[in-house]
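Here is the structure we will look at.
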Amino acid sequence: MVISRMSLPRRTFLRGMGAALALPLLDAMVPALTAVVNTAASAVPRLGIVYVPNGMAMGSWTPAAEGTAFDLPPILQPLTPFKDQLLVLSNLRGAPGGGSHAGAATRFLTGVVARQPRGTGVLASVSMDQLAARQMAKETQLASLELGLDSRDFVGTCDAGYACAYSNTISWRGATTPLPMENDPRAVFERLFGDSESTNPAARLASIQRNRSILDSVTEKATRLGRDLGAQDRTKLNEYLEAVRDVERRIQKAEEQNANELPVVDQPAGVPATFEEHAKLMFDLQVLAFQCDLTRVMTFMIGRELSGRSYPQIGIPDAHHPLSHHEGDPAKIAVMAKLNAYHVSQFSYFVQKLKSTPDGDGTLLDHSMILYGAGMSESNEHYPYNLPILLLGGGGGRVRTGRHIRFPDDKQLASLHLTILDKLGVPVESLGNSDGKLELEPASI
């Protein structure tokens, strides 16, 4: 047998000008001896978590029917194109207590309540994303990414005496180590692709002026590599490099516009002027990070708990947190549902990007498990039961999707996390208040 197909190492980089760009998964990365029997490179599982604050208008969230014959309620309508890869999970609960909003964010991935230690400091427990990161980081440059749309603010107290750290993150490396959510696209891009370690806006602007594109110094190498690849891999490489150029261009444009339109606001350079532009740019960066396998674990907060952001662009001038205390007013609940649906529509952009990005023998969505939800359900009462939870993607056939599952007896959300970790190849015996793994049928059933 003559093996003529080339084989690239899975961790192949294009280097230049201080930047190292990891390539997406190419067919040529299949070992040469297996290339004769495989039509595409083997994909790896990935974990993404998207969090929304201040609870949910549950009457417009929960499907009426169970099983596969369910209709998507108003809040979930933006996910209609992905219904076959969607799991709606009802009757999951979190650990009560620990502050209304501080507890909601803290328990979401840890399964424990926020605690107030004596003196200063914080106390919770390791979160499930970080348990996944410990294992999955063996194959990637970055263990995980923690991102958000609000500024990084851990100073002071935010919720009934609880430190702001509890409300402003969902990710905990350990019991006393909350991980801040990075909201600056420029800083995220630099962390992923290099160029500058400075977080000083003036330094980043000077870097932009010196280098119109960090890709200039690697274009020649990419071109040479492309000559030796098959047509399909050349297409993947070109699409990937074009995506990187586009994200970088948009970040630079966002910095320019932000400096011109909002010269006095206390925001890091690189944050777009509008919520929607910011959200889409951060989602694009997450897709790029998955696509080039720089990390396999990401958490993203669309908003921090107690968020007072208003949304006049969709006709909601009211601040989110006060709106969530609707006191049973049907008109206010309807506005809350509209806001919840808007957040889902932003999330659907991310899902579509994952679904349209090739990865091995499928797409990034096929090979990922994406968790979406909140740490409280009924917002007016800060209810920690029957949490709004979605799971998309199925992790490459590890879960049978296209269903609404209503669990009996208020199962623990932390038990779902054990199940997700197990299906990602990260078996864990317990997490917070978990009470064993949940049954999620594999796709073959």
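All values reported here derive from a predicted model rather than from experimental measurement.
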Quick check: do [X] and [Y] have side-chain heavy atoms less than 4.5 Å from each other?
X	Y	result
L416	K411	no
N183	V271	yes
R93	P384	no
K83	T80	no
R304	L306	no
M181	N168	no
L179	Q130	yes
I170	I49	yes

Quick one: does any side-chain atom of [X] pair with a main-chain N or O of [Y] as donor and acceptor, under 3.5 Å?
X	Y	result
S324	H321	yes
R398	K423	yes
S60	I75	no
D84	G402	no
K338	I314	yes
S348	S345	yes
D359	L364	no
D366	T363	yes

Exceeds 12 heavy-atom contacts within 6.0 angstrom, atom CD of Q313: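 Yes - once you tally the heavy atoms of other residues, nucleotides and ligands closer than 6.0 Å, there are more than 12.
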Other residues, nucleotides, ligands: >12 heavy atoms within 6.0 Å of R173 CZ: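 Not buried by this count: 12 neighbours or fewer within 6.0 Å.
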Identified side chain to side chain contact (heavy atoms under 4.5 Å, CB included) counterpart of M128 within the set V428, L109, V297, L424: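 So, applying the side chain to side chain contact (heavy atoms under 4.5 Å, CB included) to M128 and each of V428, L109, V297, L424, only L109 qualifies.
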Sole candidate of V126, T110, L123 that passes side chain to side chain contact (heavy atoms under 4.5 Å, CB included) when paired with W172: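 Filter result, single survivor: T110.
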Steps toward side chain to side chain contact (heavy atoms under 4.5 Å, CB included) verdict (L354, V287): CA-CA 6 Å; L354 292 172; V287 171; 4.0 Å; yes
Shortest non-hydrogen contact from [X] toward [Y]:
X	Y	value
N54	E305	N-OE1, 3.2 Å
V122	A163	CG1-CB, 3.8 Å
T169	A105	O-CB, 3.6 Å
E146	R191	OE1-NH1, 4.3 Å
T295	F290	O-CD2, 3.4 Å
G308	A319	O-CB, 3.2 Å

From CA spacing to verdict: side chain to side chain contact (heavy atoms under 4.5 Å, CB included), V335, H326: CA-CA 9 Å; V335 176; H326 48 71; over 6 Å; no
F283 and Y349 aromatic ring geometry - parallel, tilted or perpendicular at 30°/60° bounds: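 Plane angle between 30° and 60°, so tilted.
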Geometric class of the F350/F347 ring pair [parallel <30°, tilted 30-60°, perpendicular >60°]: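 Correct class here is tilted.
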Sequence-distant partners of E381, salt bridge (Lys or Arg N to Asp or Glu O under 4.0 Å), two or more places apart: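 In terms of salt bridge (Lys or Arg N to Asp or Glu O under 4.0 Å), with neighbours along the sequence ignored, E381 is linked to no residue.
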Verdict with supporting geometry, D422 and T419, side-chain hydrogen bond (donor to acceptor under 3.5 Å, both in side chains): CA-CA 5 Å; D422 186 63; T419 306; over 6 Å; no
Residues [X] and [Y]: side-chain donor-acceptor under 3.5 angstrom:
X	Y	value
H404	D71	no
Q412	N433	yes
S171	D129	yes
N386	E378	no

Could you give the distance from [atom1] ([X]) to [atom2] ([Y]), rounded to the nearest 0.5 Å?
X	Y	atom1	atom2	value
H367	T357	NE2	OG1	12.5 Å
H320	S310	NE2	OG	11.5 Å
L147	E182	CG	CD	7.5 Å
M58	S379	CE	OG	10.0 Å
M298	Q286	CE	CD	5.0 Å
I420	S415	CD1	OG	11.0 Å

Chi angles and distances behind the side chain to side chain contact (heavy atoms under 4.5 Å, CB included) call for L438, L89: CA-CA 11 Å; L438 301 179; L89 305 174; over 6 Å; no
Pair K332 + D318, salt bridge at N-O below 4.0 Å: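 Answer for the salt bridge query: no.
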Selection residues 49-92 - residue pairs positive for ring pair (Phe, Tyr, Trp, His ring centres under 6.0 Å), sequence neighbours left out: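 Checked against ring pair (Phe, Tyr, Trp, His ring centres under 6.0 Å) - neighbours excluded - the pairs reaching residues 49-92 are Y51-F108.
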Ring center gap for Y311 and H343 short of 6.0 angstrom: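 Ring centroids of Y311 and H343 are less than 6.0 Å from each other.
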D150 and R309: CA distance, side-chain angles, deciding distance, side chain to side chain contact (heavy atoms under 4.5 Å, CB included) verdict: CA-CA 9 Å; D150 292 323; R309 187 190 294 269; 3.0 Å; yes
